[in-house]
Amino acid sequence: MQEDVDSIAANVAEWTQTNEEHTDANAERAWAHPGILWGVFAIPEAEIRALPERVDGLDVVELGCGTAYFGSWLARRGARVTGVDPTPAQLATARRMIEQTGIELELVEAPAESVPLPDASFDLAVSEYGASLWADPHRWIPEAARLLRPGGLLVFLTNSTLVYLTAPDSAEEMVGTELLRDQFAMYRMQWAGAQGIEYHLSHGDWIALLRENGFEVEALHEPQPGATAENPSYYDFVDLEWAKKWPAEEIWVARRA
Ligand SMILES: C[S@@+](CC[C@H](N)C(=O)[O-])C[C@H]1O[C@@H](n2cnc3c(N)ncnc32)[C@H](O)[C@@H]1O
């Protein structure tokens, strides 16, 4: 339990700094995008089809909503979105954008490990590099299961197993083609020089955890950047040529039975 408390505080510090350096300044551009995009190569949802075809009228919770651009794309399509995030600076940017755009979203300051919202109150739970990477999966997956109504859908994006295995220790260097660490030891990871703590699970461990919490896995998407994709401008842990050959990111789709 102590480890979890430490990781939440470390990740709030990490995201307070990232907000100052990048996400606050980038929020207008991200919120304004007309389509729904996935991951560092901005792959359109229309190509992947990880989300329900229609989200209008759905109650949606975004776990680790950050500046809430992802939630805003769903809200613009008629979803009632609640964004949950423990970092006040990220929520302050989200609030500024709500005021600027008039797009309505509810915001709740909390970690995804412990969400102060009622059981069975959402149809869809999403996480785009939010809880999916920064919260302890053994605590946030049960929370997602609790928050979803029976039949509700969980969709989350995170780094691929292969990226975790091939990324050099320093967050400053790009992933390569050599396996650098053990897959069987995957869980909590603090990269050299980083203040934040990430969580990575192997595919087998994700499936076991999802099933233990009453989910059925419907899909594991491994997005491949297309011909017009460009190298990421900020989150540049992987380059385009690498990502055209191997999955850099993965999107899990699981239904609450
Ligand atoms: C890459 S950002 C998410 C971006 C988001 N999809 C958006 O639309 O802006 C990662 C977010 O995860 C949040 N985070 C960190 N620890 C968390 C935790 N324990 N539970 C939920 N979110 C967490 C950070 O505060 C940060 O805002």
Side-chain angles (χ1 to χ4, degrees), residues 1 3-33 35-40 42 45 50-51 60-77 79 81-98 101 103 105-117 124-144 147 154-159 171 188-190 194-200 232 234-237 249 251:
M1 183 64 78
E3 281 198 347
D4 294 338
V5 172
D6 289 345
S7 92
I8 293 166
N11 290 341
V12 167
E14 164 93 26
W15 280 95
T16 303
Q17 188 181 332
T18 306
N19 178 270
E20 203 180 305
E21 290 171 358
H22 174 67
T23 57
D24 185 64
N26 197 48
E28 270 87 0
R29 200 178 57 81
W31 273 60
H33 200 279
I36 297 176
L37 303 175
W38 286 107
V40 294
E45 161 63 9
L51 294 167
V60 178
V61 64
E62 182 175 4
L63 296 169
C65 69
T67 60
Y69 56 80
F70 199 88
S72 78
W73 299 337
L74 300 178
R76 267 210 313 255
R77 287 163 176 76
V81 179
T82 302
V84 176
D85 201 286
T87 306
Q90 290 279 82
L91 293 176
T93 300
R95 250 176 239 114
R96 175 168 66 74
M97 292 309 304
I98 290 169
T101 62
I103 298 172
L105 280 89
E106 295 293 321
L107 298 174
V108 175
E109 186 183 318
E113 289 92 337
S114 172
V115 180
L117 291 169
L124 173 65
V126 293
S127 186
E128 187 248 7
Y129 277 132
S132 50
L133 182 62
W134 301 99
D136 185 341
H138 293 283
R139 293 189 60 202
W140 81 263
I141 292 290
E143 276 295 79
L147 292 166
L154 169 64
V155 182
F156 63 92
L157 167 85
T158 190
N159 294 132
R188 201 178 136 104
M189 180 67 178
Q190 187 166 33
Q195 59 181 332
I197 291 163
E198 299 179 359
Y199 291 91
H200 297 266
Y234 185 79
Y235 299 108
D236 55 354
F237 55 90
E249 299 170 305
I251 305 171

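Ligands are counted one by one from 1 in listed order, and the atoms in each one are counted from 1 as well.
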Original post:
Under 3.5 Å, N or O to N or O, is Pro111 touching ligand 1 that way?
Top reply: no

Subject >> Top protein contact for atom 15 (C) of ligand 1, by heavy-atom distance >> reply: Trp134 CB, 3.5 Å

Original post:
atom 10 (C) of ligand 1: which protein heavy atom is closest, and how many Å away?
Top reply: Tyr129 O, 3.1 Å

Original post:
Hey, does Glu20 have a side-chain heavy atom less than 4.5 Å from the side chain of Asp24?
Top reply: no

Original post:
Does CD in Glu106 sit with more than 12 non-hydrogen atoms of other residues, nucleotides or ligands closer than 6.0 Å?
Top reply: no

Subject >> Residue Ala68 vicinity, atoms of ligand 1 by number, heavy atom under 4.0 Å >> reply: 7 (C), 8 (O), 9 (O)

Subject >> Donor-acceptor contact present, side-chain Gln190 to main-chain Ala194, <3.5 Å >> reply: yes

Original post:
Of Val84, Val115, Asp85, Asn19, which has the heavy atom at the shortest distance from atom 27 (O) of ligand 1?
Top reply: Asp85

Original post:
Of all the atoms in ligand 1, which lie at a distance below 4.0 Å from a heavy atom belonging to Thr87?
Top reply: 24 (C), 25 (O)

**OP:** Find all atoms of ligand 1 within a distance of less than 4.0 Å from any non-hydrogen atom belonging to Thr67, and give their numbers and elements.
**Re:** 9 (O)

Subject >> Any donor-acceptor pair under 3.5 Å from Ser72 side chain to Tyr69 backbone >> reply: yes

Subject >> Element-labelled atoms of ligand 1 that are located less than 4.0 Å from some non-hydrogen atom of Phe70 >> reply: 8 (O)

Subject >> Part of Glu113 within contact of ligand 1 (heavy atoms, under 4.0 Å) >> reply: side chain

Original post:
So which heavy atom in the protein is nearest atom 6 (N) of ligand 1, and how far is it from that ligand atom?
Top reply: Glu128 OE1, 2.6 Å

Original post:
Among all protein non-hydrogen atoms, which one is nearest to atom 23 (C) of ligand 1, and what is the separation to 0.1 Å?
Top reply: Pro86 CD, 3.4 Å

Original post:
Of all heavy-atom pairs between Ser114 and Ala110, which one has the smallest distance, and what is that distance?
Top reply: O-CB, 3.8 Å

Original post:
What protein heavy atom sits nearest atom 5 (C) of ligand 1, and how far off is it?
Top reply: Cys65 O, 3.2 Å

Subject >> ligand 1 contact on Asn11 by region, counting heavy-atom pairs under 4.0 Å >> reply: side chain

Original post:
Does Trp15 approach ligand 1 within less than 4.0 angstrom via side chain, backbone, both or neither, non-hydrogen atoms only?
Top reply: side chain

Original post:
Counting from 1, what ligand 1 atoms have a heavy atom of Gln90 closer than 4.0 Å?
Top reply: 26 (C), 27 (O)

Subject >> For Cys65, the option from Thr87, Leu91, Val84 that meets side-chain contact (heavy atoms from CB on, under 4.5 Å) >> reply: Leu91

Subject >> Nearest heavy-atom neighbours spanning Leu157 and Ser132 >> reply: O-OG, 2.8 Å

Subject >> Proximity winner for atom 12 (O) of ligand 1, if only heavy atoms of Ser127, Ser132, Gly130 are counted >> reply: Gly130

Original post:
Hey, does the side chain of Trp31 reach the backbone of Thr67 with a donor-acceptor pair shorter than 3.5 angstrom?
Top reply: yes

Original post:
Considering only heavy atoms, which of Gly64, Ala131, Ala94, Gly71 lies nearest to atom 3 (C) of ligand 1?
Top reply: Gly64

Original post:
Heavy-atom distance to atom 20 (N) of ligand 1: which of Ala9, Gly83, Ala112, Ala30 wins?
Top reply: Ala112

Original post:
Is the shortest N/O to N/O distance between Glu62 and ligand 1 below 3.5 Å?
Top reply: yes

Original post:
Would a line drawn from the ring center of Trp38 to the ring center of Phe70 be shorter than 6.0 Å?
Top reply: yes

